[in-house]
**Student:** 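Before anything else, here's the structure in question.
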Amino acid sequence: MIRLEGVHKYYGNLHVLKGIDLTVASGEKLVIIGPSGSGKSTLIRSMNLLERPSEGKIIVDGIDITAPKAPITNVRQSVAMVFQQFNLYPHKTVLENVTLAPILVKKVPRKEAEESGMAFLERVGLKDKAFAYPSQLSGGQQQRVAIARALNMRPKIILFDEPTSALDPEMIQEVLDVMVSLANEGITMVVVTHEMGFARKVADRVIFVDGGEIIEEGPPEHFFKNPNHERTKMFLSRIM
Ligand code: ADP
Ligand code: MG
């Protein structure tokens, strides 16, 4: 579903991704862990071209999105993203937030977008908040709206960049629960998170990124039981 080949990213002189080769299968749940500043956001954001690689190739669902004339808009429609900071539109209601992109970008008729939007809001437990504004919701509720918004684009792939890092501790679980239920449905998921309980429950594979490189990868148990590298062990000892 996603293939990165020799991906490098520079910000000026700063070499942030140093030759990433990575394949994510259809339906796979991949968790990315690693220290702050190691390039995790740059890596996941490159998967829908929010960051353009300086070098290398990224193929999503058979399309080379790094090619000069790649249909970026189409790609963004099939690869949804959930951010640490929710990024909801403050002056739009919850339902408007959830329907805006399908209506404007995908040209879905309003009624249809609203029906599916309500269904996804129900899935994340927020149907009764459809006509509220983001500022009237808790952080956990806002993040669940952001997930409903992503789902209403009917993506093939959903990317999560530290979706619970900005939340108060008591709200983390409600968001993870929604993510776990999604994971059980066959969508391809790439998740940057340090929630190792989540990783253990849903990840098919975990990759540890440090200094812009994939240092180690394996199923979650590998990271709990016997990581190979000192850097991985040190990192895990700090987060677990
Ligand atoms: P992580 O998500 O693992 O914390 P990032 O991918 O956000 O790491 O950042 C990797 C490195 O790239 C950091 O040193 C960060 O300061 C730098 N960086 C990220 N985005 C930009 C940018 N737009 N311009 C310049 N430097 C950036
Ligand atoms: Mg980050």
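Counting starts at 1 for both ligands and their atoms, in listed order.
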**Student:** Pro35 heavy atoms, cut-off 4.0 Å: which ligand 1 atoms fall inside?
**Tutor:**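 By the 4.0 Å cutoff, the relevant atoms are 3 (O).
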**Student:** Would Val206 end up clustered with Val190 when hydrophobic side chains under 4.5 Å apart are linked, directly or stepwise?
**Tutor:**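 No, Val206 and Val190 fall in different hydrophobic clusters.
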**Student:** Check contact between Gly12 and ligand 1, using heavy atoms of the residue and a distance below 4.0 angstrom.
**Tutor:**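 Not so, Gly12 does not reach ligand 1.
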**Student:** Any idea which protein heavy atom is nearest atom 3 (O) of ligand 1, and the distance to it?
**Tutor:**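 Answer for atom 3 (O) of ligand 1: Lys40 NZ, 2.7 Å.
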**Student:** Look at the N, O or S atoms of Ser36, main chain and side chain alike, and state whether any lies under 2.8 Å from the Mg ion (ligand 2).
**Tutor:**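 It does not: Ser36 brings no N, O or S atom closer than 2.8 Å to the Mg ion (ligand 2).
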**Student:** Could you tell me whether Leu14 approaches ligand 1 through its side chain, its backbone, both or neither, with non-hydrogen atoms closer than 4.0 Å?
**Tutor:**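 Answer for Leu14: side chain.
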**Student:** Is a side-chain donor or acceptor of Ser116 paired with a backbone partner of Asn152 at a separation under 3.5 angstrom?
**Tutor:**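 No: the side chain of Ser116 does not pair with the backbone of Asn152.
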**Student:** Tell me, please, whether Phe208 has Arg231 positioned over its six-membered ring: NZ or CZ under 6.0 Å from the ring centre and within 45 degrees of its axis?
**Tutor:**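 Not satisfied by the 6.0 Å and 45° rule.
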**Student:** Would you mind checking which non-hydrogen protein atom is closest to atom 7 (O) of ligand 1, with the distance to 0.1 Å?
**Tutor:**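 Going atom by atom, the protein heavy atom closest to atom 7 (O) of ligand 1 ends up being Ser41 CB, 3.6 Å.
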**Student:** For Arg200, does the CZ atom have more than 12 heavy-atom neighbours from other residues, nucleotides or ligands under 6.0 Å away?
**Tutor:**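 For Arg200, atom CZ is not crowded (no more than 12 foreign heavy atoms under 6.0 Å).
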**Student:** Ser38 and Asp210: side-chain donor and acceptor closer than 3.5 Å?
**Tutor:**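 No, Asp210 and Ser38 have no side-chain donor paired with an acceptor closer than 3.5 Å.
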**Student:** What residue and heavy atom of the protein are closest to atom 8 (O) of ligand 1, and at what distance?
**Tutor:**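 Result: Gly39 N, 3.2 Å.
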**Student:** With respect to Gly37, determine whether any N or O atom, backbone or side chain, lies less than 3.5 Å from an N or O atom of ligand 1.
**Tutor:**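 Right, the criterion is met.
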**Student:** Take atom NZ in Lys92; do more than 12 heavy atoms of anything else shown fall under 6.0 Å from it?
**Tutor:**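 Not more than 12 within 6.0 Å, no.
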**Student:** Would atom 24 (N) of ligand 1 count as contacted, meaning some protein heavy atom under 4.0 Å?
**Tutor:**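 Within 4.0 Å: yes, protein heavy atom nearby.
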**Student:** Which of the atoms in ligand 1, numbered in the order shown and given with their element, are less than 4.0 Å from a heavy-atom of Ser36?
**Tutor:**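 With Ser36 as reference, the close atoms of ligand 1 come out as 4 (O).
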**Student:** Hey, are the side chains of Met153 and Ile158 touching, using non-hydrogen atoms and a 4.5 Å cut-off?
**Tutor:**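 No, side chains not in contact.
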**Student:** Kindly check if the number of other-residue, nucleotide or ligand heavy atoms within 6.0 Å of OH (Tyr89) is above 12?
**Tutor:**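 Open: at most 12 neighbouring heavy atoms sit under 6.0 Å from OH of Tyr89.
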**Student:** Backbone, side chain, both or neither: what part of Thr42 comes under 4.0 angstrom of ligand 1, heavy atoms only?
**Tutor:**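 Both backbone and side chain.
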**Student:** Could you check atom 19 (C) of ligand 1 against the protein and tell me its nearest heavy-atom contact, residue, atom and distance included?
**Tutor:**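 The closest one turns out to be Tyr11 CE1, 3.4 Å.
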**Student:** Please identify which atoms of ligand 1 are closer than 4.0 Å to at least one heavy atom of Val16.
**Tutor:**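 With Val16 as reference, the close atoms of ligand 1 come out as 10 (C), 11 (C), 12 (O).
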**Student:** We want to know whether Thr232 and Glu216 form a side-chain donor-acceptor pair, criterion being a heavy-atom distance below 3.5 angstrom.
**Tutor:**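 Looking only at side-chain atoms, Glu216 and Thr232 do form a donor-acceptor pair, the distance falling under 3.5 Å.
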**Student:** Do NZ/NE/NH1/NH2 and the carboxylate oxygens of Glu185 and Arg123 come within less than 4.0 Å?
**Tutor:**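 Salt bridge: yes.
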**Student:** Hey, is ligand 1 close enough to Glu51 that some N/O pair sits below 3.5 Å?
**Tutor:**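 In this structure, Glu51 places no N or O atom under 3.5 Å from an N or O of ligand 1.
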**Student:** When you measure from atom 15 (C) of ligand 1 to the protein, is at least one non-hydrogen atom found at a distance under 4.0 Å?
**Tutor:**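 It does not; no protein heavy atom is within 4.0 Å.
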